Number of protein chains: 2
Amino acid sequence: MATNRKATSRSKDNLKRGAARLRSGAPEAGPETAVDTVAPGRADRRAERRAAILTAALDEFSTRGFAAARLDDVAHRAGVAKGTIYLHFDDKEALFQELVRSFLIPQVAMMEQAPVGELSSRELIERFLERFLTEIYTTRRREVLRLILTEGHRFPALAEFYYREVVARGIAAIRMVLARAVARGELSGDALVRFPQLLVAPLLMSIVWSGLFDRFAPLDIPALLRAHLDLVFGERKTT
Amino acid sequence: MATNRKATSRSKDNLKRGAARLRSGAPEAGPETAVDTVAPGRADRRAERRAAILTAALDEFSTRGFAAARLDDVAHRAGVAKGTIYLHFDDKEALFQELVRSFLIPQVAMMEQAPVGELSSRELIERFLERFLTEIYTTRRREVLRLILTEGHRFPALAEFYYREVVARGIAAIRMVLARAVARGELSGDALVRFPQLLVAPLLMSIVWSGLFDRFAPLDIPALLRAHLDLVFGERKTT
DNA sequence: ATACTATGACTGACCAGTCAGTCATATTAT
DNA sequence: ATAATATGACTGACTGGTCAGTCATAGTAT
């Protein structure tokens, strides 16, 4: 019940604010301009709180699951009152969907920038797997993906969004790389071209395993992915 | 509190009952002997209801998830009153764990009977994948496995049980088959021996995919598994 | 002064778990 | 065989607690 009115750490991004102030034509000698550590403006605070709520929601949804997570806890963790959540999101479900979308959309954008280059197909796929490690597996995005796996069934709109925006595009992109590999003779057999899902399955397995068994049977995921690469392209040529 | 009566199913009593009836020398035209459908005894009904509750629970937990499933609905679906559930299970969580265990234990037993034979390694693995199709993917066990994937995180005891009884044993068994394949020169590279998870990952993917995307993007799982076999052992030799 | 924003006590629906009572079945007595 | 008695499986109305969502009040920026 502790009345926590702890202020959120005042932070850095008042650049926009400065610009706005310039345009607003406030008197030069205004009392606020005298202070160089400007208090953050309303829009900034709003964005900060929104982000804090989303992060807190990720924590709670990840550990308890959607249905069992309490918005009181999300609010407390985010350092706001429960009502504040409703100033940013329509209801619990909207919070959840926004959470997933907001963490996913930058991901989609990143995937777009194809790193085609003139690398061998094996290198391309290797990059892709490394990308998974650094951009997903070792980040909070892993938890978001796990949320999709565990809760997606009950949120068909979300599942479809995820399929259209990530899965379908991803599979298409991978298929092109694999088709190129076959055309160049770097890959024998069209199994992977027909089912690019086979290339991605171990990534899924990593996420599932980490959620269920890591405590008592940790798995060396980088090594597993290297082995997968070997399986697909044949043993790595040792230097 | 909650003195729950031990729910040991002693369902063989009815066999003795039938035998006793034969020996009792009742008149041939006796009313009971005329009916070939013998009225079930108490123990039978008890077992029937327990099974009905478990099946109903699988339905409800699968569609709503553990936290959101209502025991009222489970009871209604099973054709019993809510209180009856508590005559068979301590609480909601015990019902869930019993559900998973009861569907899994026959599965474990089945896995034990190793079909070693003198088949090629490829055939052995092929059998294994077919087994997955007929014994899991096309049965309700698929839903049980999905429940472990989606809810296991919140039931550490269950996750560990599943790991010890199914995953660890399964991986060990598969590893032996794969090691044999390498030793016989039927498989090149030890990637799969080091990470048998790679062989199983597509099975996981099948279950996840069917839960999330089947409505709008169905996947031909038998074909996917055949492609996986090709990927592992090389293109199938066409007749 | 005024508009915008945050708060947290409150409400009402919901649901896991309980328990006193009912009734079909099993056991014992006549 | 029949009646009397015992058993325990089953029922469902009820309780106590929980929690999503609301809103009157308080606070803050401009």
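Quick caveat, the model's predicted, so the values are computed rather than measured. Here is the naming used below: chain letters follow the sequence lines, and residue numbers restart at 1 for every chain.
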Rounded to the Å, how far apart are [X] [atom1] and [N] [atom2]?
| X | N | atom1 | atom2 | result |
| --- | --- | --- | --- | --- |
| Asp90(A) | dT22(D) | CG | C1' | 14 Å |
| Arg46(A) | dT28(D) | CZ | C1' | 15 Å |
| Arg49(A) | dG27(D) | CZ | C1' | 11 Å |
| Glu60(B) | dA16(C) | CD | C1' | 15 Å |
| Leu87(A) | dG8(C) | CG | P | 13 Å |
| Arg45(A) | dA29(D) | CZ | P | 7 Å |
| His76(B) | dA13(D) | NE2 | P | 13 Å |
| Ile85(A) | dT22(D) | CD1 | P | 13 Å |

Open item on the list: Strictly under 4.0 angstrom, non-hydrogen atoms only: write out the protein contact profile of nucleotides 14-20 of chain D, one letter per nucleotide from the 5' end, B, S or -.
Closed with: -----SB

[X]: partners by side chain to side chain contact (heavy atoms under 4.5 Å, CB included), with sequence neighbours left out:
| X | result |
| --- | --- |
| Pro222(B) | Leu133(B), Asp220(B), Arg226(B) |
| Ser210(B) | Tyr137(B), Arg142(B), Arg146(B), Asp214(B) |
| Leu204(B) | Met205(A), Val208(A), Leu149(B) |
| Ala56(A) | Val74(A), Arg77(A), Ala78(A) |

Open item on the list: Could you check whether Asp73(A) pairs with Lys82(A) (Lys NZ or Arg NE/NH1/NH2 to Asp/Glu carboxylate O, under 4.0 Å)?
Closed with: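 Salt bridge absent between Asp73(A) and Lys82(A).
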
Open item on the list: Can you tell whether the side chains of Arg70(B) and Glu60(B) come within less than 4.0 Å, N to carboxylate O?
Closed with: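 The answer is no: the pair does not qualify as a salt bridge.
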
Task: All side chain to side chain donor-acceptor pair (under 3.5 Å) counterparts of Asp91(A), not counting sequence neighbours - done: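 None.
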
- [ ] Could I get the full list of side chain to side chain donor-acceptor pair (under 3.5 Å) partners for Gln97(B), not counting sequence neighbours?
- [x]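 Scan of Gln97(B) (side chain to side chain donor-acceptor pair (under 3.5 Å), adjacent residues dropped) gives Glu93(B), Arg101(B).
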
Task: His88(B) vs dC10(D): side-chain N/O to OP1/OP2 distance below 4.0 Å - done: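 Yes, because at least one side-chain N or O of His88(B) sits under 4.0 Å from OP1 or OP2 of dC10(D).
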
If you restrict it to nitrogen or oxygen atoms, what contacts under 3.5 Å exist between nucleotides 5-7 of chain D and the protein, and what is each distance?
residue : atom : partner  : partner atom : Å
dT7(D)  : O2   : Arg42(B) : NH1          : 3.4
dT7(D)  : O2   : Arg42(B) : NH2          : 3.3

With a 3.5 Å cut-off and sequence neighbours excluded, list the donor-acceptor pairs that the side chains of residues 153-165 of chain B form with protein atoms.
residue   : atom : partner   : partner atom : Å
Arg154(B) : NE   : Arg64(A)  : O            : 3.2
Arg154(B) : NH1  : Glu151(B) : OE1          : 3.1
Glu165(B) : OE1  : Arg169(B) : NH2          : 2.7

